[in-house]
Amino acid sequence: MADQSSGSTPIDKEDNWGYDLYPERRGEAAQAKWWQVALFGAGQLKTEKTACERNVYNCFQNSPLVKLMYDALKASGCEIDLRRHIACEVCDVKVSGGYDPRLNQIVICQNVARSKGMVQGILTHEMIHMFDACRHELNFKDLNHLACTEIRAANLTHCSFLSAMTQGDASFFRIQKQHAECVKNKALGSVLAVRPDVTKEEALAVIDKVFLKCYNDLEPIGRRIRRNSADMIRAYKERGNYGYE
């Protein structure tokens, strides 16, 4: 279904799903809030952007996961150019980052992601979407494809296996089940954020449909990252096993 105004080219509504969360993607100039101007002066947005870009550069130099994803994309024929493929922008506070498949570009929300750790998580998450788009011809309009890549990103970057002591239960099955539920919840939130036309019930049904296959697909990191472990470093060192050096 398309919208058409007089004298303009029809625009498919599907092409704009999620863009309401990224005003600069719609051509709107970012404006500092009144309290930002009062406290920090009119240059606050520029300061935020500079800090964000420094964090991005630092991650590409020092983060094992970001470096692994960079190597995997390069080996797959989709090398990242920081100036072309990464953008720090002001976003809706509901999101901290995103992947723009139309421009093949990752957005870091400079007004939300203020720490190196947060930028690392966003970069890795969105680079998984970029990897899927590169390797598997991902169609973000296809709800099955969208659910799958969100499952993979949550699985590999957001949900850690917590220790049995932390959980108060030594059962590995229980910990594994909690991890899977975390992945489903993260994927659900991401799908609903960019697909306002989809109900929660519809999103859950699709996530359940593709979950097992996508949950077990650990490319290109090769393992689920455990909290407070050396898994990130191990994954980076093992990248050659998958042809990503």
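Both backbone and side-chain heavy atoms feed into the values below; hydrogens, waters and symmetry mates do not. The structure displayed is predicted, hence computed values, not measured ones.
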With no hydrogens and no angle check, is any side-chain donor or acceptor of [X] less than 3.5 Å from a backbone partner on [Y]?
| X | Y | answer |
| --- | --- | --- |
| His145 | Asn139 | yes |
| His136 | Asp132 | no |
| Glu53 | Thr50 | no |

From [X] [atom1] over to [Y] [atom2], what is the distance, rounded to the nearest 0.5 angstrom?
| X | Y | atom1 | atom2 | answer |
| --- | --- | --- | --- | --- |
| Leu123 | Ile128 | CG | CD1 | 11.5 Å |
| Ile151 | Cys159 | CD1 | SG | 11.0 Å |
| Asp142 | Thr149 | CG | OG1 | 12.0 Å |
| Lys209 | Cys214 | NZ | SG | 10.5 Å |
| Leu138 | Cys148 | CG | SG | 8.0 Å |
| Ile122 | Ile86 | CD1 | CD1 | 11.0 Å |

Of all heavy-atom pairs between [X] and [Y], which one has the smallest distance, and what is that distance?
| X | Y | result |
| --- | --- | --- |
| Met127 | Leu73 | CE-CD1, 4.1 Å |
| Tyr244 | Ala72 | CD2-CA, 3.7 Å |
| Arg195 | Lys141 | NH1-O, 3.3 Å |
| Cys59 | Lys67 | O-CG, 4.4 Å |
| Asn216 | Arg224 | OD1-NH2, 3.8 Å |
| Ile108 | Ala113 | CG2-CB, 4.1 Å |

Is it true that [X] and [Y] make a salt bridge, defined as a side-chain N closer than 4.0 Å to a carboxylate O?
| X | Y | result |
| --- | --- | --- |
| Glu48 | Arg114 | yes |
| Glu219 | Arg152 | no |
| Asp71 | Lys74 | no |

What donor-acceptor contacts under 3.5 angstrom involve side-chain atoms of residues 184-194, with partners at least two apart or in another chain?
| from | atom 1 | to | atom 2 | distance (Å) |
| --- | --- | --- | --- | --- |
| Lys184 | NZ | Asp208 | OD1 | 3.2 |
| Asn185 | ND2 | Glu181 | O | 3.3 |
| Ser190 | OG | Glu150 | OE1 | 3.4 |
| Ser190 | OG | Lys186 | O | 3.2 |

Report yes if the side chains of [X] and [Y] come closer than 4.5 Å at any heavy-atom pair, otherwise no.
| X | Y | result |
| --- | --- | --- |
| Thr124 | Ile221 | yes |
| Arg54 | Lys116 | no |
| Val95 | Cys109 | yes |
| Val66 | Met69 | no |
| Leu103 | Asp100 | yes |
| Ser76 | Phe131 | yes |
| Leu65 | Ile225 | yes |
| Gln120 | Met232 | yes |

Over 12 foreign heavy atoms within 6.0 Å of CG, Leu82: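 Atom CG in Leu82 is crowded, with more than 12 foreign heavy atoms closer than 6.0 Å.
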
Around atom CZ of Arg84, are there more than 12 heavy atoms from other residues, nucleotides or ligands closer than 6.0 Å?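 Atom CZ in Arg84 is crowded, with more than 12 foreign heavy atoms closer than 6.0 Å.
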
Quick one: do the Tyr99 and Gln105 side chains pair a donor with an acceptor below 3.5 Å?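 Not at all, the side chains of Tyr99 and Gln105 share no donor-acceptor pair under 3.5 Å.
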
Arg239 NZ/CZ over Tyr236 ring centroid, <6.0 Å and within 45° of normal: yes

Regarding Cys52 and Cys88, I want to know if their SG-SG distance comes in below 2.5 Å, which is how I'm defining a disulfide. yes

Assess the pair His179 and Tyr215: is the distance between their ring centroids shorter than 6.0 Å? yes

